[in-house]
Amino acid sequence: MKKHNFSAGPSILPQSVLLKASEAIVDYNNTGLSLIEISHRSKEFVDIMENARALALELLGLEGKGYKALFLQGGASTQFLMVAMNLLEKRAGYLNTGAWSAKAIKEAKKLDDIYEVASSADANYNYIPKGYDVPSDYDYFHCTSNNTIFGTQMKSFPKTSVPMVCDMSSDIFSRVIDYSQFDLIYAGAQKNMGPAGTTLVVIKEDILGKVSRDIPSIMDYKLHIKAGSMFNTPPVFPVYTTMLTLEWLKGLGGVAAIAEENEKKSRLMYSEIDLNPLFKGFAAKDDRSMMNATFNLTNDNLKETFETMLKEAGISAVNGHRSVGGYRASMYNALPLDSVKALVEVMSELEAKA
Ligand SMILES: *Cc1c(COP(=O)(O)O)cnc(C)c1O
């Protein structure tokens, strides 16, 4: 039986997507060939790539607005450097809201001057800083929309006159926001889209071509755009599986439809955390993530009992990240409401027992 999978990443995908993707591994669309043994220049794969790129823009509401979608390799971690290579000339502003933001800052600093506009490192990143300024002479502003490890999420974004870059690895396609306020969005596939191995990059083309450095070819967004996201052999299986997930999402009614489900799941989860005296939330209430709920037991003696009960209920991967401890329930798009119900039930059973 399928477990209730709360994994933070790589994470749950729709069952229908897994079935279809597994069929393609053996025989792609009755071609007598596996998807992973055909040329990436074949019509079959070029169609998949084009469809995936178009679906990404469509679902974000960015069609016909000067954006291009790419499916690259190297994970979101490569984007930490690639963003700076392509956009950083003198100085950029970064909002430091967690371990991933800090890594993005570290990589960009290897190239040039980075200014932290604000940071919540002083409180182990349990909130999102507000009320900071982004100077208008910076090359760009970088933020992380959802802090996967700490369970905080930006509910609004600053109005800046400089290009806004956002790492949306763990909440892309999960909520209704104006995606056109961003000039560059990147997201590793393995949290809300597909298997690890590809990273979606959505770029407003007119922000490119403004730096003086000679960008190494594989790091150059312009070359990837020119090559239709086929500068070199793309990760064919992750791109195909991502395309299937995006089709699944479109079939459900797109981002608006899944956002409603995600709201139901997170409301249920947080009301249990708030009302059950055995649990305490980690993140500041106003900044809590709809995707990753972080919480602790108020009485550590119950740890073993709670974890045994979770196991018996078929609940998997709610252990917290080592830098936060406690528990983390990741509720990505493909996680059914029933899984949250199962988790909340165990939490209330524990209260009844204790
Ligand atoms: C997981 C994650 C990353 C790292 O992604 P990789 O694909 O492993 O490089 C970066 N940023 C955020 C917000 C993440 O959740």
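Note that ligands are numbered from 1 as they come in the structure, with each ligand's atoms numbered from 1 the same way. Below, all heavy atoms of this structure are taken into account, side chains as well, without hydrogens, waters or symmetry copies. All values reported here derive from a predicted model rather than from experimental measurement.
The pair E349-K353 fails the salt-bridge criterion, with no side-chain N (NZ, NE, NH1 or NH2) lying under 4.0 Å from an Asp/Glu carboxylate O. Between E23 and K20 there is no salt bridge, since no side-chain N of the basic residue sits under 4.0 Å from a carboxylate O of the acidic one. The pair D287-K130 meets the salt-bridge criterion, with a side-chain N (NZ, NE, NH1 or NH2) lying under 4.0 Å from an Asp/Glu carboxylate O.
Between Y115 and Y138, the two ring planes are perpendicular [angle over 60°; tilted spans 30° to 60°].
For the ring-ring contact (aromatic ring centres under 6.0 Å, His included) with Y327, the qualifying choice from F279, F306, F282, F6 is F306, the only one to do so.
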D171 vs S145, side-chain hydrogen bond (donor to acceptor under 3.5 Å, both in side chains): CA-CA, chis, key distance, verdict
CA-CA 7 Å; D171 69 349; S145 53; 2.6 Å; yes
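A heavy-atom cutoff of 4.0 Å around ligand 1 is satisfied by the protein residues G75, A76, S77, F80, W100, T144, N146, T148, D167, S169, S170, Q190, K191.
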